[in-house]
Amino acid sequence: MRAALFDRPAVLTAGPRPGRSYAPRVCRLPGVYAPQGDTGLLMGQLRREHLRPGARSLDLCTGTGVLAVAASLRGARATAVDVSLAAIASARLNALLHGCRVRALRGDLDAPVRHERFDLITVNPPYVPSEDAEVPARGARRSWDAGLDGRLLLDRVCARVPRLLTPSGVLLIVQSSLSGITGTLDALRRGGLRARVVGRSTQPFGPVMSARADWFAARGLVAPGTRTEELVVIRACRP
């Protein structure tokens with residue numbers, strides 16, 4: 001395996017203290033999703049949540065594990081899950097780098113923790129609509145491609161996460177407007193949760209989205225000529 005890469009991503013300055021980085025250095029092995037605007041938006045909301053000492057946190061689709069690290073640094077008993085071996089290695093390296101403990105488990109979504117319950121769950125899943133109907137089995141595209149409507153992972157998260165929450169537990173999930181914000185809100189509410197949008201940010205298309213802009217327009221996901229997307233953080237909890 002190639003040597004680890006170390007990023008200092010500006011997106012992690014998002015939140016209540018502009019200009020301050022919450023994770024100054026992020027170890028990212030090749031093929032692991034680099035923290036970007038969606039990570040920063042979710043990080044900002046994570047910092048607003050009350051976390052009692054010893055609270056149990058879970059970060060699904062963890063990537064570099066930066067959100068799990070942030071929860072651990074606030075005193076949570078943090079667990080990180082990802083299907084990628086490189087992501088799990090990155091999460092463990094970042095925990096070591098920041099001097100905190102993160103239990104990093106490899107598996108498909110909630111499979112490694114399906115019998116456990118958590119006070120806080122964060123999810124930054126793949127959500128980019130793709131011409132491929134299925135999620136890629138390997139490669140970098142597995143970090144963002146999510147089927148024709150971008151909901152292959154989102155729908156699974158909405159169906160499975162409610163049973164992982166403690167009675168007072170909170171879910172924070174980030175996604176793009178292109179993958180159906182209302183669909184996520186409705187699915188979480190059907191699962192017995194009270195859900196609402198608590199954070200928004202508009203950003204320009206990156207290279208992947210720009211390359212698909214005409215296809216997005218042809219499918220009616222955006223207006224012709226659109227080159228921006230809205231990212232949202234949805235917060236869900238039991239009534």
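Computed from a predicted structure; not experimentally measured.
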Side chain to side chain, V232 and E230, heavy atoms closer than 4.5 Å:
yes

Taken to the nearest 0.5 Å, the spacing of L67 CG from L60 CG works out to 11.0 Å

Has the side chain of S90 got a donor or acceptor atom that lies under 3.5 Å from a matching backbone atom of T64?
no

Taking D82 for its side chain and T62 for its backbone only, find out whether a donor-acceptor pair lies under 3.5 Å.
yes

For the pair N124 and C61, evaluate side-chain contact (heavy atoms from CB on, under 4.5 Å) and give the outcome as yes or no after the intermediate values.
CA-CA 6 Å; N124 184 1; C61 306; 5.8 Å; no

Show me, pair by pair, the donor-acceptor contacts under 3.5 angstrom made by side chains of residues 202-209, not counting sequence neighbours?
from : atom 1 : to   : atom 2 : distance (Å)
Q203 : NE2    : E229 : OE2    : 3.4

Grab the two heavy atoms, one from V222 and one from A213, that are nearest each other, plus how far apart they are.
CG2-O, 4.3 Å

If you define the side chain from C-beta out and look only at heavy atoms, does anything of T79 sit under 4.5 Å from L105?
yes

Would you indicate whether the side-chain heavy atoms of L97 and V26 approach each other to under 4.5 Å?
no

Please report the C-alpha distance between T184 and Q175 in whole Å, then the side-chain angles of each, then the deciding distance to 0.1 Å, and finally whether the side-chain hydrogen bond (donor to acceptor under 3.5 Å, both in side chains) criterion is met.
CA-CA 9 Å; T184 301; Q175 69 168 89; 2.4 Å; yes

Scanning both residues in full, the closest heavy-atom pair of V32 with R28 reads O-CD, 3.2 Å

Identify the two heavy atoms, one from L73 and one from C100, that lie closest to each other, and give their separation to 0.1 Å.
CD2-CB, 3.9 Å

For L153 and L109, what are the C-alpha separation, side-chain angles and deciding distance, and is it a side-chain contact (heavy atoms from CB on, under 4.5 Å)?
CA-CA 9 Å; L153 272 294; L109 284 184; 4.1 Å; yes

Are any of the side-chain heavy atoms of P129 and W215 separated by less than 4.5 Å?
yes

Please tell me whether I88 and V123 are part of a single hydrophobic cluster in this structure, the criterion being side-chain heavy atoms less than 4.5 Å apart.
no

Looking at G54, is its backbone amide N or carbonyl O close enough to the side chain of R77 to form a donor-acceptor pair, meaning the two atoms are under 3.5 Å apart?
yes

Interatomic distance, CG@L221 vs OG@S177, rounded to 0.5 Å, equals 9.5 Å

How far apart are the closest heavy atoms of A195 and I234, and which atoms are they?
CB-CG2, 4.2 Å

How close do G107 and P112 get, counting heavy atoms only, and between which atoms?
CA-CG, 3.7 Å

Worked check of side-chain contact (heavy atoms from CB on, under 4.5 Å) between T226 and F216
CA-CA 9 Å; T226 298; F216 292 155; over 6 Å; no

Rounded to the nearest 0.5 Å, what separation is found between the CG atom of L148 and the CZ atom of R219?
5.0 Å

Measuring from atom OG of S130 to atom CG of L152, what distance do you get when rounded to the nearest 0.5 angstrom?
9.0 Å

Quick test of your reading of the model: are R156 and D110 salt-bridged, counting only N-O distances below 4.0 Å?
no

Inspect the contact between R235 and E49 and indicate whether a charged nitrogen and a carboxylate oxygen are less than 4.0 angstrom apart.
yes

Side-chain contact test, heavy atoms from C-beta onward, threshold under 4.5 Å: evaluate it for N94 versus V66 and give yes or no.
no

Could you work out, with side chain to side chain donor-acceptor pair (under 3.5 Å) as the rule, every residue matching D214, not counting sequence neighbours?
none

Is there a path from L188 to V197 through hydrophobic residues (I, L, V, M, F, W, Y) whose side chains come within less than 4.5 Å of each other?
yes

Got a donor-acceptor contact below 3.5 angstrom from the R74 side chain to the L46 backbone?
yes

Any heavy-atom pair between the side chains of V81 and L58 that's under 4.5 Å?
yes

As an exercise, state the distance from OG of S176 to CD1 of I181, rounded to the nearest 0.5 Å.
7.5 Å

Measure the spacing between OG of S179 and CG of L154 and express it to the nearest 0.5 Å.
5.0 Å

Which donor-acceptor pairs under 3.5 Å do the side chains of residues 113-122 make with protein atoms, sequence neighbours left out?
from : atom 1 : to   : atom 2 : distance (Å)
R114 : NH1    : A111 : O      : 2.8
E116 : OE1    : R56  : NH2    : 2.5
E116 : OE1    : R103 : NH2    : 2.8
E116 : OE2    : R103 : NH1    : 3.3
E116 : OE2    : R103 : NH2    : 3.4
R117 : NE     : R163 : O      : 2.7
R117 : NH1    : R163 : O      : 3.3
R117 : NH2    : R163 : O      : 3.4
D119 : OD1    : T166 : OG1    : 3.3
D119 : OD2    : R52  : NH2    : 3.2
D119 : OD2    : R56  : N      : 2.8
T122 : OG1    : D59  : OD1    : 2.7

Residue pair A78 / A68: nearest heavy atoms and the distance that separates them
CB-O, 3.5 Å

Return yes if some donor-acceptor pair links the side-chain N/O of R106 with the main-chain N/O of V83 below 3.5 Å, else return no.
yes

Between R151 (side chain) and G180 (backbone), is there a donor-acceptor pair under 3.5 Å?
yes

Any donor-acceptor pair under 3.5 Å linking the side-chain atoms of D38 with those of Y127?
yes

The test is side-chain contact (heavy atoms from CB on, under 4.5 Å); show your working for I173 and V233 and say whether it passes.
CA-CA 6 Å; I173 184 169; V233 174; over 6 Å; no

